[in-house]
Amino acid sequence: MKWTCSLSAALLAFTGALLGADRVALVIGNNDYPEEGNFPDLKNCRNDAALIKTSLERAGFTVIYLENADWQRIDEGVTTFENAISRGSTAVFYFAGHGIEFEGKNYLMGANAKLQARSRLGQEGYDAETVAQAMLLAGAKSSFLFLDCCRDAPTDAGWLSRGVKKRGLADLKISGDIVIGFAATPGQSALDAPVEGVSGATGNNSPYAQALAKAFHAGLDHLTMFQKVRADVNALTGGQQRTWESGSFLETFYFTRGAVRVEPMPAVTAVRPQVDPGFGVGGRVQTSYGYGGGEDSYSVAMQSDGSIIIAGEAEKAFKKGAFQVALARITPGGPADPAFGQFGRTVLNIGPFDDGIRGTTLAVQSDGRIVYGARASVDGYGYDFAVGRLLPDGSRDQSFGQNGIALTNITGTKPPQIRSAEVQEMRLQPDGKILAAGRSGINEALGDAYTLVRYLPRGGLDPSFGNGGIVTTAYSTKQQEVYGMTVMDDGRIVLCGKAFGPGEMDAVILRYHSNGTLDKTFGGEGIIVLNLGAKSYDVGSIVVAQGNKLVATIGSDVFPSAALMRFNEDGSIDRSFGGGEGYVSPGGEFRGPVVTADGRLLVALTKDYTVKVYTADGQPSTEIASNDAPRPAAETMRSMILAPDGRLLLTGYTRLEEGRTVPTTIRLRGLTP
């Protein structure tokens with residue numbers, strides 16, 4: 001990656017956007033070092049930095065992120081970081097790369113480091129104490145310095161050993177509210193990847209990064225969190241590596257509690273959630289795509305300024321039953337945003353025949369670009385995977401795929417053979433890659449396959465994933481649908497859905513490694529099939545909660561209604577969830593769950609938008625009945641998100657009296673005091 005002289009200006013501009021943030025982080029990952037130098041290249045540092053960045057962002061941090069940064073870029077990044085720290089805030093610094101101790105000082109080596117002369121050390125290595133002092137002098141109330149370095153000893157050019165250089169780093173003794181986390185004890189090297197064959201290890205991350213990212217969301221105070229990290233690193237390395245901390249705080253700190261700035265739920269006697277009268281008309285916004293036929297909304301996302309993006313489909317005016325992909329942007333108050341597309345909406349004719357969105361296939365990148373997933377029929381012989389990207393103004397991003405769209409023929413078949421595939425779920429990875437999941441038809445004899453495709457940031461297939469970017473998993477000869485997807489902190493990917501045939505349906509959950517291979521520590525073969533009763537039928541959604549445990553929406557005749565069920569990391573049902581049952585039933589059809597800042601689980605019943613909240617262990621926390629009238633029979637909500645301000649956004653459709661449907665978005669308020 002090349003950086004120009006405009007870097008300083010860009011970082012200074014970024015500083016303005018950071019001012020006032022109560023949680024700020026600087027994350028650096030350096031893999032590549034000069035060939036003519038004395039440092040070998042590293043494998044996982046950029047992966048580790050990306051993992052920590054994602055985990056911190058999930059915990060409510062605004063992150064300054066650098067890859068393969070030389071000394072100058074690190075210095076500019078630290079300056080931006082220091083200026084962005086407000087008094088009384090929390091500051092985090094994480095470095096993955098080469099580091100050395102020389103004459104009692106710890107140097108974090110820039111991507112320009114050759115280590116050929118002592119006189120160059122100050123221009124190639126950044127003193128870790130300088131970063132620590134910058135955080136304290138800026139007035140941070142809580143500061144963390146994570147040093148995941150010293151992964152490989154450098155070649156000694158002669159002068160290094162004369163500085164009584166020890167393997168690993170030296171302890172830092174700094175006064176103030178700061179804790180310094182070392183990936184390894186003083187004098188010990190850290191491993192770049194876990195020990196091969198250790199259960200739960202991933203070769204894509206260092207043991208420290210893997211354990212740290214997981215612990216950020218375990219709901220623990222910082223002291224207990226470090227104990228958990230130490231135990232996990234010890235397990236991942238077979239006892240070869242031991243972490244170390246130095247420093248202290250006056251107050252206890254929780255990473256989990258700031259994930260999204262949502263305060264604890266009020267008691268039933270406090271403010272009750274209700275359809276927000278300040279949003280649209282009576283808390284509802286009906287958004288026509290302008291085609292006059294059947295229109296729907298399947299997915300909702302929020303941009304950084306509070307604007308709302310919905311994605312769905314519009315029936316073609318000239319062909320009933322044929323649809324086009326459609327998106328719209330709604331301002332925070334409810335009116336359509338005229339700056340987006342045409343009159344606040346954009347309809348995309350991918351192919352001349354039929355296409356559309358049929359699942360949760362919408363995401364907003366950090367730069368404001370909008371990514372969507374769909375199905376497309378470009379030749380009249382069935383459907384292909386389609387992933388597209390729009391610029392923030394709703395126009396097609398011509399730098400992505402072809403004409404802003406990446407089309408993928410999953411099965412490779414050509415006309416006159418019929419193809420059957422569609423994107424049903426989508427997620428963005430922290431490195432800019434795009435995961436699209438759904439179903440694809442193999443043939444009449446073999447049925448469907450769960451299908452997972454990873455795209456590069458510019459729309460090409462990722463050759464490092466699966467078979468040329470594509471993974472298909474045929475569970476049975478039944479039809480198969482994907483209803484949910486989540487990405488764990490360590491990069492593993494989880495799909496859920498159903499497989500169904502004449503008279504029966506199975507609930508299925510699959511887990512993959514980040515390279516697309518099935519994770520066989522999950523259910524034995526990477527797949528679990530729930531056998532709960534005569535008509536176990538589907539898994540509606542899935543989230544990661546309380547460490548690496550999974551919470552899924554399950555439908556089965558065993559339950560009185562749809563239920564939340566928690567699974568252990570090996571895929572077994574967690575019987576400690578829900579008071580020993582392994583599940584809880586909210587009492588009707590619902591949307592969710594979403595995970596609140598403190599790890600609780602929130603769902604909204606669709607019959608009247610009653611909100612129910614459970615503890616991380618499935619115990620009733622708060623039930624907040626809606627003050628709104630029962631849901632109109634013509635109204636169907638398909639998807640829900642929790643906004644950073646604590647409001648719930650639901651999207652779906654309303655069936656009008658004349659019979660056609662129109663996209664509808666609802667906002668619930670009252671979830672914060």
Side-chain angles (χ1 to χ4, degrees), residues 1-5 7-8 11 26-53 64-79 81 93-132 145-170 172 182-184 186-193 203-209 241 431:
M1 181 183 298
K2 294 183 179 179
W3 290 75
T4 69
C5 59
L7 175 66
S8 297
L11 286 174
L26 173 58
V27 176
I28 303 172
N30 283 355
N31 269 2
D32 305 331
Y33 289 84
E35 293 183 4
E36 66 274 22
N38 290 315
F39 284 112
D41 285 347
L42 295 169
K43 177 182 178 183
N44 287 329
C45 294
R46 288 172 61 185
N47 293 343
D48 296 333
L51 174 64
I52 295 299
K53 172 182 179 290
I64 304 164
Y65 181 69
L66 299 175
E67 289 184 352
N68 287 334
D70 59 17
W71 186 95
Q72 181 180 353
R73 286 178 57 210
I74 294 175
D75 187 54
E76 291 170 342
V78 171
T79 300
F81 179 47
F93 175 85
Y94 172 88
F95 179 85
H98 279 300
I100 64 168
E101 180 268 320
F102 184 76
E103 294 182 342
K105 288 185 175 292
N106 295 316
Y107 293 92
L108 312 178
M109 306 311 296
N112 63 316
K114 298 179 182 179
L115 206 68
Q116 292 176 337
R118 169 66 182 88
S119 60
R120 293 290 304 164
L121 184 58
Q123 289 77 46
E124 296 179 353
Y126 206 88
D127 187 353
E129 185 174 346
T130 299
V131 183
L145 190 76
F146 296 106
L147 302 180
D148 191 1
C149 44
C150 267
R151 303 189 182 197
D152 201 348
T155 302
D156 188 354
W159 59 268
L160 189 59
S161 57
R162 294 193 292 273
V164 198
K165 183 262 174 191
K166 297 182 282 294
R167 194 174 180 85
L169 297 180
L172 283 172
F182 296 88
Q188 181 189 56
S189 284
L191 297 179
D192 190 46
N204 297 322
N205 293 106
S206 77
Y208 191 63
Q241 183 175 326
D431 58 2

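Residue numbers start at 1 and run along the sequence shown.
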With side-chain contact (heavy atoms from CB on, under 4.5 Å) as the test, would you mind laying out the steps for Phe95 and Leu145 before giving the verdict?
-> CA-CA 8 Å; Phe95 179 85; Leu145 190 76; over 6 Å; no

Between Ala49 and Val27 the two heavy atoms that sit nearest each other are O-CG1, 3.4 Å

Taking Asn112 for the side chain and Trp71 for the main chain, is one N or O donor matched with an acceptor at less than 3.5 Å?
-> yes

Run the salt-bridge test on Glu36 and Lys114 with the 4.0 Å N-O cut-off and return the result as yes or no.
-> yes

Run the numbers on Ile100 and Leu115 for side-chain contact (heavy atoms from CB on, under 4.5 Å), then give the verdict.
-> CA-CA 10 Å; Ile100 64 168; Leu115 206 68; 3.9 Å; yes

Quick one: closest heavy-atom pair of Ala190 and Cys149, and the distance?
-> CB-O, 3.5 Å

Which distance, rounded to the nearest 0.5 Å, do you find between the CD1 of Ile74 and the CD1 of Ile28?
-> 4.5 Å

d(His98 NE2, Asp41 CG) to nearest 0.5 Å is 7.5 Å

List the atom of Ala128, the atom of Leu147, and the distance in Å for their closest heavy-atom pair.
-> CB-CD1, 4.3 Å

Which of these passes side-chain contact (heavy atoms from CB on, under 4.5 Å) with Ile52: Tyr208, Tyr65, Tyr94?
-> Tyr94

How far does CZ of Arg46 sit from NZ of Lys53, to the nearest 0.5 angstrom?
-> 13.5 Å

Spell out, as yes or no, whether a donor-acceptor pair under 3.5 Å connects the side chain of Gln241 to the backbone of Leu191.
-> yes

Quick one: CD on Gln123 to CG on Asp75, what's the gap to the nearest 0.5 Å?
-> 11.0 Å

Working for side-chain contact (heavy atoms from CB on, under 4.5 Å), residues Phe102 and Arg118 | CA-CA 10 Å; Phe102 184 76; Arg118 169 66 182 88; 3.0 Å; yes

For the side chain of Asn30 and the backbone of Ala69, is there at least one donor-acceptor N/O pair under 3.5 Å apart?
-> yes

Does any donor atom in the side chain of Asn205 or Asn44 lie under 3.5 Å from an acceptor atom in the other side chain?
-> no

Once you round to the nearest 0.5 Å, how far does CD of Glu101 lie from OH of Tyr107?
-> 9.5 Å

Rounding to 0.5 Å, atoms SG (Cys45) and CG (Asp148) come to a distance of 7.0 Å

For the side chain of Tyr33 and the backbone of Met109, is there at least one donor-acceptor N/O pair under 3.5 Å apart?
-> yes

Is there a donor-acceptor contact under 3.5 Å from the side chain of Asp70 to the main chain of Ala111?
-> no

Looking only at atom types and distance, does a side-chain atom of Asn68 sit under 3.5 Å from a main-chain N or O of Asn31, one as donor and one as acceptor?
-> yes

